[in-house]
Protein chains: 2
Amino acid sequence: MTDTQHAVSLAVTDVTIDDEFWNPRLENNREVTIEYQYDQLEESDCLENFRRAAEGADGGFEGMWFADSDAYKWLEAASYVLATHDDADLRRRVDEVIELVAAAQEADGYLNTYFTLEEPEKKWTNLNMMHELYCAGHLIEAAVAHHRATGESSLLEVATRLADHIDSVFDSEVDGVPGHEEIELALVKLARVTDEQRYVDLARYFVELRGHDDRLEWEFEHVEEIAGYDPDGGGIVEGARDVFYEDGEYDGSYAQAHAPFFDQEAVEGHSVRAMYYYTGVADLAAETGDEELIDHLESLWENMTEKRMYVTGGIGSSEYGERFTEDYDLPNDTAYAETCAAIGSIFWSQRLFELTGKARYADLIERTLYNGFLAGVSLDGTEFFYDNRLESAGDHHRQGWFHCACCPPNVARLLASLERYIYATGDNCLYINQYLGSEGTVTVDGIAVDIVQTTDYPWDEDVRIDVQPAEPTAFTVSLRVPDWCEEASVSVNGEPVSVPDDGYVELDREWDDDRIDATFEQRVVPVRSHPAVEDNRGRVALTRGPLVYCLEGVDHERPLGQYRIDPETTFDASFREELLEGAVTIDGEATVPDLEEWEGRLYRPDDEASSRTASITAVPYYLWDNRDPGELLVWIRAT
Amino acid sequence: MTDTQHAVSLAVTDVTIDDEFWNPRLENNREVTIEYQYDQLEESDCLENFRRAAEGADGGFEGMWFADSDAYKWLEAASYVLATHDDADLRRRVDEVIELVAAAQEADGYLNTYFTLEEPEKKWTNLNMMHELYCAGHLIEAAVAHHRATGESSLLEVATRLADHIDSVFDSEVDGVPGHEEIELALVKLARVTDEQRYVDLARYFVELRGHDDRLEWEFEHVEEIAGYDPDGGGIVEGARDVFYEDGEYDGSYAQAHAPFFDQEAVEGHSVRAMYYYTGVADLAAETGDEELIDHLESLWENMTEKRMYVTGGIGSSEYGERFTEDYDLPNDTAYAETCAAIGSIFWSQRLFELTGKARYADLIERTLYNGFLAGVSLDGTEFFYDNRLESAGDHHRQGWFHCACCPPNVARLLASLERYIYATGDNCLYINQYLGSEGTVTVDGIAVDIVQTTDYPWDEDVRIDVQPAEPTAFTVSLRVPDWCEEASVSVNGEPVSVPDDGYVELDREWDDDRIDATFEQRVVPVRSHPAVEDNRGRVALTRGPLVYCLEGVDHERPLGQYRIDPETTFDASFREELLEGAVTIDGEATVPDLEEWEGRLYRPDDEASSRTASITAVPYYLWDNRDPGELLVWIRAT
């Protein structure tokens, strides 16, 4: 196993974010969200399941059958926090949870509290729905994060024993793939930290078998014999299997199992599964250097971004099946755009960036981070969107927790590891992908390079970057020109350099103690959708920099659908300190119909209808639903 | 009982339509539809139910539990045909069906084949759902029509015996109102033909009790004891009762039973029920001259037309409950707008016209007739819309028959009695309400007036009317200026007269052998909706004269939502002989987005998107879905 197949490597641990925009979010995540989520793990009996399993109890499992993964994602998030902040209380709590998890592991390495408590004789019988491998994957991710953060092996040993158990069962006793991917990417992480090739091989087994075997279909034909079936009705299989059927026929696309990887021409099915799947495939490609895998992944990513993605970076249009549907099917008021799917898209894009060094993947990470992802959590860090509408009549709001609680801890683990997306290193090259105030050290070809970013991004367009290698060294600094930026200027020590339309500005020089200044002009840009997107015809979304904006009912007198804007008008963007903890709003003029003259009329000749001007105020989409509840509108009617 | 409470009387039997536009539709109705529907009565076993009931069979009822009404509506339609066309075959067939119906009547006058065959011991126990009174009402309407058309009493005797039986049961053994109104208006018709006041009293009983009693609610609390309940599930009550509940609470609004008549401030609930109810109330008002009833009916009609009606005259927005929903809730792609409801709206408006002499009621009849109603039947007379969408992706089509077959025979009975809507007489006044080529004799204050209309309406704007009383007589001819007409001119014997903006031109003179010429200018008028109608914001519907137009996929290369029109542009209206048996189409220019430049892009800045012109062709809405199946769009995106 070797990492040299990566075109680019992540530069991880040695960067600390210190950023006006992100500090409050990250502080909330550390000090409120992770604490709050721990309480939820107790309140939902997630941790109690581990305790009871450890005690050898029979029955009494509480929550969704894959609730173990909530604890694992919390452990992963907490470990990322521990990597950058030494918090003794948190460390003690993490150790307590690890102890619970370890105690619940069975003698042969098996670990899943639902099965231990409820159906111990039916392990590995329902790969479609029961998520044993999914939970195992999250345990492994947590263990790798914990080990890297603390150097300790307490959780890694648990994860390794479980991985070894899986390795002993699959491709021998059991032959099949999980209904929900996750184990694949986790096994590659485990291989990297343990230097054990067999985990890569096991990941490859799962990837290569998907779409080839008929095990998943077989399970549905034998529901009575497998786990999760309740003959009195209401069992797991009874309740959840419909999404695997289309017109009465089994349809594996929900789990990307309808065809082998290379025969899949579009991103299909449950969007979180799809993202974890492609992430795992990308990890495998990084290990094997298989160019065909990379090419096909890139074509799937193009399908997603060119035909199946909301302007916020959100993906998965349909609540039914939490899934992708068809090209250009992007309804706004029923948009699902699950927060976990946005996070999965960031994972996948990051892998594709590492494999190719292409800026477009960092562009999408930025777009998703500031919009589809960040909307998932309230300003105070205690409420979450599971699904993210782009239009609402006023009845869609964040919640504190969910019976299916995948999103909140997923948000926490991404925020807690955000610094990992800023820089990357390639062959004699330092990539600057994201613009966040931060300082740290990155190693470029063996030389430690101190790097400090100073910026008020995304409110402001200026970024200052100070680069100071341990000794004067020649290498390339590749500075991403965001895809939304129409006018960028960059200088090194005050000397302007030429800037391409997008992609990277490549600054080749011997770096010593140098200063880069970049200005990414932030105009208000109304954007349109491809004409095939039905809901968005005749509408524009306002954007500024990486941010998508929206109208909220709380700022407007009329129903939002009555405002019509002229995209060619001048919009005013200004920072408002007092609003939503400080934000740039977009203000402008719109027209609204005169209502008085409609009194007693339902239909009138067009030439009798008149309108007048009214002000609109747009706020960043990620900030919506943090004030009085009300309407939401991203796609505004336009002339 | 007296008819003198009417402000206006219908002038019925002595007018014959001879009109380029309507002749083919009426011929199809007489020669194809009524024949075809008779076959359907046999094929659906509707007539077999009567045969089996007559034979004393037990069980085996087929079809919806109110299928008897299909036969009655067919009899009514066929009777209207016999009133104007002596067709020996049809007369024989009508007599055969009447014989079947008469034979199925029980000794005490009771008549309902579902109950006779299936639940003879549970008559009158489930007034909410079982439609015994609804079927009785349709029998009475058929009987009155048959008697008036033929002078025979064969069916009238059956109806009278049933009405007498109902009179003996209600307000004594049983106290309650039907879930589906119809009996009320039928009883007033029966009173008028029999001159029996007690039928008016019985109608008044049903009208006045509605909203006051709790019998309907009681029935749902005792489903096991009443008719239509199947303890194994799937019974009538089990399947159909949901519409009576709102958030788990009984809600009588589905059947207009949520409040007494005078406390109802909006048209609510199942739209066909509502129309038959208000029609019955209007009939009662005509008998009693109760001004408060009339005023309140007019206010309900205003609520309907100002807040709850499609531009086609269609009513009832929601498939669930086939009902009215909320003010301005008029979605297009899920529009229900049941054909029967449009017909009911015509019945109600005609009654309100008779009560008030106001032109607006005739205006709405015209709009509904040419749009929401006429779309209900295919050009060839053999296929029908039950629900009438105003927008469709291409999956909505007419059908030959329906398991719930209320609409087809309702269409037939309205077409077969269309001549009744042309003229009316008031005090020394002749109203000309609808413009159809026709000739006939109308009696004005005892004087027979021959009247001939010659017009190519609605394609052409000119109408010629020749008026010739039996002797020179002074009276007023009130000529309706359609509400859509912005420029009308009228002359008598070539002498122009002044014309009001809308309402009636009142032509007072001594009529001898005189000619009226009217021109109702037919411009293409794009109309807009009240801004509160969400689906129609930024859209216009094209109209010309009384016709609403639509775009069909078959005439266009792009998805219809991609066309955007400038309402101020010039549209071309021209008659196309070869199209859809001859129709005026509206042709014009639209803009469509350039698709080439979108290749590989899902979102782009507004200023980069360009468009080009494309032609559109709009056809009358009532004609849609008579060619290759495809998309439908009434509300077109507009600048």
Side-chain angles (χ1 to χ4, degrees), chain A residues 302 304-312 327-328 330 333 367 393 484 486 523 525-543 548 558-568 592-595 598-609 611 637-639, chain B residues 302 304-312 327-328 330 333 367 393 484 486 523 525-543 548 558-568 592-595 598-609 611 637-639:
Chain A
E302 284 164 9
M304 177 175 82
T305 54
E306 294 173 10
K307 295 176 181 169
R308 298 187 173 203
M309 196 180 71
Y310 289 98
V311 69
T312 56
D327 289 349
Y328 305 116
L330 295 163
D333 59 352
R367 186 203 293 204
W484 51 260
E486 296 181 7
R523 292 196 298 111
V525 180
V527 302
R528 297 226 180 231
S529 284
H530 190 289
V533 181
E534 283 183 31
D535 261 23
N536 298 348
R537 289 175 184 151
R539 294 173 183 259
V540 297
L542 297 178
T543 67
V548 174
R558 298 285 191 100
L560 301 179
Q562 289 190 15
Y563 293 86
R564 190 170 72 151
I565 59 176
D566 176 357
E568 291 174 19
V592 292
D594 270 325
L595 290 181
W598 279 98
E599 184 67 32
R601 305 288 299 271
L602 187 50
Y603 303 103
R604 302 197 312 159
D606 168 72
D607 57 13
E608 292 177 17
S611 57
R637 291 202 302 113
T639 54
Chain B
E302 284 164 8
M304 176 176 82
T305 54
E306 294 172 10
K307 293 175 181 169
R308 299 187 173 202
M309 196 181 68
Y310 289 98
V311 69
T312 55
D327 289 349
Y328 305 115
L330 296 162
D333 58 352
R367 186 203 294 205
W484 51 260
E486 296 182 6
R523 292 196 298 111
V525 180
V527 301
R528 296 222 181 235
S529 284
H530 191 288
V533 181
E534 284 185 30
D535 261 23
N536 298 349
R537 287 174 184 151
R539 294 172 183 259
V540 297
L542 297 178
T543 67
V548 174
R558 298 286 191 99
L560 300 178
Q562 288 190 16
Y563 293 86
R564 190 170 72 151
I565 60 177
D566 175 357
E568 291 175 18
V592 291
D594 270 325
L595 290 180
W598 280 97
E599 184 66 32
R601 304 290 298 273
L602 186 51
Y603 304 104
R604 302 195 313 158
D606 169 71
D607 57 14
E608 293 177 17
S611 58
R637 289 203 303 113
T639 54

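All chains are named by letter (A, B, ...) in the order of the sequence lines, taking the proteins before the strands, and each is independently numbered beginning at 1. Predicted model only: the values in this text are computed from it and were never measured.
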Next on the checklist: Just checking A:E306: does its CD atom have more than 12 heavy atoms from other residues, nucleotides or ligands closer to it than 6.0 angstrom?
Outcome noted: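 Yes, CD of A:E306 has more than 12 neighbouring heavy atoms, counting only those of other groups under 6.0 Å.
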Item to check | Greatest number of heavy atom pairs closer than 4.5 Å to chain A - which of B:E608, B:E568, B:E302, B:R564 | outcome: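 Option with the greatest count: B:R564.
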Checklist entry - chain A: which of B:G561, B:A638, B:P593 shares the most heavy-atom pairs with it under 4.5 Å? => result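 Answer, by heavy-atom pair count under 4.5 Å with chain A: B:G561.
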Given that the side chain runs from C-beta out, which part of [X] has a heavy atom under 4.5 Å from chain A: side chain, backbone, both or neither?
X	result
B:Q562	both
B:R637	side chain
B:T543	neither
B:V540	side chain
B:V533	side chain

Checklist entry - Could B:R523 and B:E486 be called an ion pair, given the rule that one side-chain N must be under 4.0 Å from one carboxylate O? => result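 Counted as a salt bridge, because a side-chain N and a carboxylate O are separated by less than 4.0 Å.
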Checklist entry - Partners of A:D327 by side chain to side chain donor-acceptor pair (under 3.5 Å), sequence neighbours excluded? => result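 Expected list: A:N303, A:R308.
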Interatomic spacing from [atom1] in [X] to [atom2] in [Y] - rounded to 0.5 Å:
X	Y	atom1	atom2	answer
B:R367	B:M309	CZ	CE	4.0 Å
A:M304	B:L602	CE	CG	11.0 Å
A:Y603	B:N536	OH	CG	6.5 Å

Checklist entry - Is the backbone N or O of B:S529 less than 3.5 Å from a side-chain atom of A:R604, with the two atoms forming a donor-acceptor pair by type? => result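 Side chain of A:R604 to backbone of B:S529: no pair is present.
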Next on the checklist: I'd like to verify something: which residue of A:G600, A:P559, A:A541 has the highest number of heavy-atom pairs under 4.5 Å with chain B?
Outcome noted: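 Highest number of pairs under 4.5 Å: A:G600.
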Item to check | Residue among A:V311, A:T639, A:V525, A:D607 with most heavy-atom pairs under 4.5 Å to chain B | outcome: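 Heavy-atom pair counts peak at A:V311.
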